[in-house]
2 protein chains.
Amino acid sequence: MQQYDVKKYRTPDGYTSDIAVFSILPEKREMFKPPVMDLKLMLIKRSMTNSEGKLNIEAGKWALPGGFVDPAETAFQSAQRELMEETGVENIHLEHFGVYDAPGRDPRGWIISNAHFAIVPEHQLAKRQANDDASEVELFSVKEVLKLDLAFDHAEIIRDAISVIRHKLLETTAAKDFLPSEFTYSELQAVLLTVTNDSAISLDAAFARKIKSLPFIREITGKKTTRTSKKPTQLYRFIDADVNTSLYHSRK
Amino acid sequence: MQQYDVKKYRTPDGYTSDIAVFSILPEKREMFKPPVMDLKLMLIKRSMTNSEGKLNIEAGKWALPGGFVDPAETAFQSAQRELMEETGVENIHLEHFGVYDAPGRDPRGWIISNAHFAIVPEHQLAKRQANDDASEVELFSVKEVLKLDLAFDHAEIIRDAISVIRHKLLETTAAKDFLPSEFTYSELQAVLLTVTNDSAISLDAAFARKIKSLPFIREITGKKTTRTSKKPTQLYRFIDADVNTSLYHSRK
DNA sequence: TAAATAGTGTCTCTTAGACAATATTTG
DNA sequence: CAAATATTGTCTAAGAGACACTATTTA
């Protein structure tokens, strides 16, 4: 880095952002029933031909949405912009999780991709169906998605993305972003059960009691709903609170 | 991404790796005393002139070690290589923690940097002093390092790196990489006290008891040392064990 | 009133944290 | 023996997990 001369170094052929857009949808939702949820990933199908009518690269395969970064923006801003263009949503939880730069990962040359994940709650997703243009877009269950024929190294990126979101759901308050601002214990439970089946979470009595002691969740005093059961259920909301995640401390 | 034409997109002018090399050194070490540790960051001083004798860019400023990524390697591999070249150490805990690509961050053009941190234990660092070539290399306490005149956007990268390592020390078993393979409770405690002053860690009796119940640390039965006290002290080692870091579970 | 989900009572066991007291060395 | 660090004893309070039981509503 001391002696820099542009000609000395080969430069990349492209700089891109990819986005793993996650949503959690109810597998079924009935009156007076707590939901059963499923974690979904949004993919697009690459068109067969490009704008010049030639066969497109990786045509017909499923891929993460994304695109080239503009020199006037960061990869993160590019991901925000592309997420907006693709799904019409803004102010969404978006996070960088990896760099994909293995030589040969893209047949077009030395192309570096920054991978991000986004959390789009169900109700924001309705908007997408409206904004949806010609390109084929579909939500796949994370249990199925890796069986698809995926473009480039997106199988690897998606595997990493799923692993990251599983951890984030349990180790941070990211579940917040899958839920409405006011939610019941069984709705939070349903979100968490997409990534764990531990008894502390799956046993209703245990979890209903635990939610009251979580430092980052507060009961909305006196406010109840009957959307998950005939008996009115207490509503909760996430609050900003710093959480102690140290391995060497007890949980407070 | 559908319609790709090389001429359509501007490409980056450079792709680099930077490395924040951390070590923890004893502030003082005496016979029969537990150590008092301090977290240090290794920086290099940029030379005044480049290989052609012209004034170097950001000359004379302190900077993270790093350099340009070769098209045949990943940024991570580049960081490994540069860490080896700079410090002579291999098989070190090295981790990617951020992408720095803000427009204008480097006056030479559109240059993207992947930031990594490395943990080099004290005894490996001795090797460095041997391998050390002409370039000026120094270790700075993280308490002081941000007061220096730093090159490029390295102040921002370093701020992030310090925050990341503080979290990693408490939220993962990264403390392992700062310690010899066999260590006493007070040695682990000294490492942790560089980033926290919570009573659960600073109180000797509490911590000496806690270390026995940590699922990722095991007592080395019957093995003791007198390097930290006159009374022989039990030795421990880290073991591979998966740790439950879920916010919704109790610690086991 | 039956059915379904929400929520409480209660028991047992474990653990954290505080701090006092004891143990084991060296010089 | 004094000094210093390591370690155990002991008390208190809180919390987890299990599971039985109660509460509240709709159809």
Side-chain angles (χ1 to χ4, degrees), chain A residues 26 28-37 182-190 192-193 196-215 217 219-236 243-244 246-252, chain B residues 26 28-37 182-190 192-193 196-215 217 219-236 243-244 246-252:
Chain A
K28 51 181 182 192
R29 176 168 284 169
E30 295 168 48
M31 289 287 286
F32 308 123
K33 286 261 185 204
V36 177
M37 302 298 241
E182 304 187 340
F183 54 88
T184 68
Y185 89 92
S186 60
E187 288 169 335
L188 172 57
Q189 186 185 35
L192 298 178
L193 287 177
T196 185
N197 48 21
D198 189 285
S199 74
I201 287 170
S202 63
L203 295 179
D204 294 339
F207 194 71
R209 187 167 275 150
K210 181 185 293 272
I211 196 173
K212 296 198 179 104
S213 69
L214 294 174
I217 290 180
E219 192 174 308
I220 309 174
T221 342
K223 195 150 182 201
K224 305 204 173 200
T225 182
T226 56
R227 67 177 177 252
T228 61
S229 100
K230 294 168 180 172
K231 172 170 176 182
T233 309
Q234 180 59 49
L235 285 167
Y236 298 86
V243 177
N244 185 0
S246 162
L247 297 183
Y248 302 96
H249 291 78
S250 60
R251 201 95 67 199
K252 272 291 150 45
Chain B
K28 51 179 181 193
R29 179 168 281 168
E30 295 166 48
M31 287 290 284
F32 310 123
K33 285 263 185 201
V36 176
M37 301 300 239
E182 306 186 339
F183 53 90
T184 68
Y185 89 93
S186 61
E187 287 169 335
L188 172 57
Q189 186 185 34
L192 298 177
L193 286 178
T196 185
N197 47 22
D198 190 284
S199 74
I201 288 169
S202 63
L203 294 179
D204 294 339
F207 194 71
R209 188 167 274 148
K210 181 186 292 272
I211 197 172
K212 297 199 179 100
S213 69
L214 295 174
I217 290 180
E219 192 174 308
I220 309 173
T221 342
K223 195 150 180 202
K224 305 203 173 202
T225 181
T226 55
R227 66 178 176 248
T228 61
S229 99
K230 292 168 182 172
K231 172 170 176 183
T233 309
Q234 180 60 49
L235 285 166
Y236 298 86
V243 177
N244 185 0
S246 163
L247 297 183
Y248 303 96
H249 290 76
S250 60
R251 202 95 66 199
K252 274 288 151 46

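All values below come from the heavy atoms of this structure, side chains included, with hydrogens, waters and symmetry mates left out. Letters A, B, ... are given to chains in the order of the sequence lines, protein chains preceding strands, and every chain is numbered from 1.
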Kindly say if B:Lys212 contacts the phosphate of D:dT8, meaning a side-chain N or O under 4.0 Å from OP1 or OP2. yes
Calculate, to the nearest 0.5 Å, the distance between atoms OH and CG belonging to B:Tyr248 and A:Leu214 respectively. 7.0 Å
Looking for any heavy atom pair under 4.0 Å, which part of the strands does B:Thr226 touch: base, sugar-phosphate only, or nothing? nothing
For A:Glu219, is there an ion pair with A:Lys212 - N to carboxylate O distance below 4.0 angstrom? no
Hey, does B:Ala200 reach any base, or is it just sugar-phosphate, or nothing, if we go heavy atoms under 4.0 Å? sugar-phosphate
Take atom NZ of A:Lys230 and atom P of C:dA4, then tell me their distance rounded to the nearest Å. 7 Å
If I take atom NE2 in residue B:His249 and atom C1' in nucleotide D:dG15, what distance separates them, rounded to the nearest angstrom? 15 Å
In whole angstrom, give the distance that lies between atom CZ of B:Phe207 and atom P of C:dA16. 12 Å
N or O in side chain of B:Tyr185 less than 4.0 angstrom from D:dA6 OP1/OP2: yes
Length of the CG-P vector between A:Asp204 and D:dC21, whole Å: 18 Å
Please tell me if the side chains of A:Leu192 and A:Gln189 come closer than 4.5 Å, counting only heavy atoms from C-beta onward. no
N or O in side chain of B:Thr228 less than 4.0 angstrom from D:dA6 OP1/OP2: yes
Determine whether B:Leu235 and B:Arg227 make a side-chain contact, defined as any pair of heavy atoms from C-beta on separated by less than 4.5 Å. yes
When you measure from the side chain of A:Ala205, which nucleotide among D:dC19, D:dT7, D:dA18 comes out closest? D:dC19
Just to confirm, is there a sub-4.0 Å distance from OP1 or OP2 of C:dA6 to any side-chain nitrogen or oxygen of A:Ser186? yes
Let me know the distance between CD of B:Gln234 and C1' of D:dT8, rounded to the nearest Å. 14 Å
Let me see the working for A:Ile201 and B:His249 under side-chain contact (heavy atoms from CB on, under 4.5 Å), right down to the final yes or no. CA-CA 8 Å; A:Ile201 287 170; B:His249 290 76; 3.3 Å; yes
Rounded to the nearest Å, what distance is computed from the CZ atom of residue A:Arg227 to the P atom of nucleotide C:dA4? 22 Å
With the side chain counted from C-beta on, respond yes when A:Ser202 and A:Asn197 share a heavy-atom pair under 4.5 Å apart, and no when they do not. no
N or O in side chain of A:Ser250 less than 4.0 angstrom from C:dG17 OP1/OP2: yes
Does C:dT5 have its OP1 or OP2 closer than 4.0 Å to a side-chain nitrogen or oxygen of A:Lys33? yes
Report yes if a side-chain nitrogen or oxygen of B:Lys210 is closer than 4.0 Å to either non-bridging phosphate oxygen (OP1 or OP2) of C:dT15; otherwise report no. no
Side-chain contact check for A:Pro232: nearest option of D:dT25, D:dA27, D:dA16 is D:dT25
Looking at C:dG9, does its base get a donor-acceptor pair with the side chain of A:Arg209 below 3.5 Å? yes
C:dA18 phosphate, OP1 or OP2, under 4.0 Å from B:Ser199 side-chain N/O: yes
Taking for each residue the nucleotide of DNA chain D with the nearest heavy atom, is it B:Ala208 or A:Leu203 whose nucleotide lies nearer the 5' end? B:Ala208
If you find the nucleotide of DNA chain C closest to A:Thr184 and the one closest to B:Met31, which residue's nucleotide is nearer the 5' end? A:Thr184
Whole-Å distance, B:Tyr248 OH to D:dG17 C1', equals 19 Å
Between NZ of B:Lys231 and P of D:dA6 the distance, given in whole Å, is 9 Å
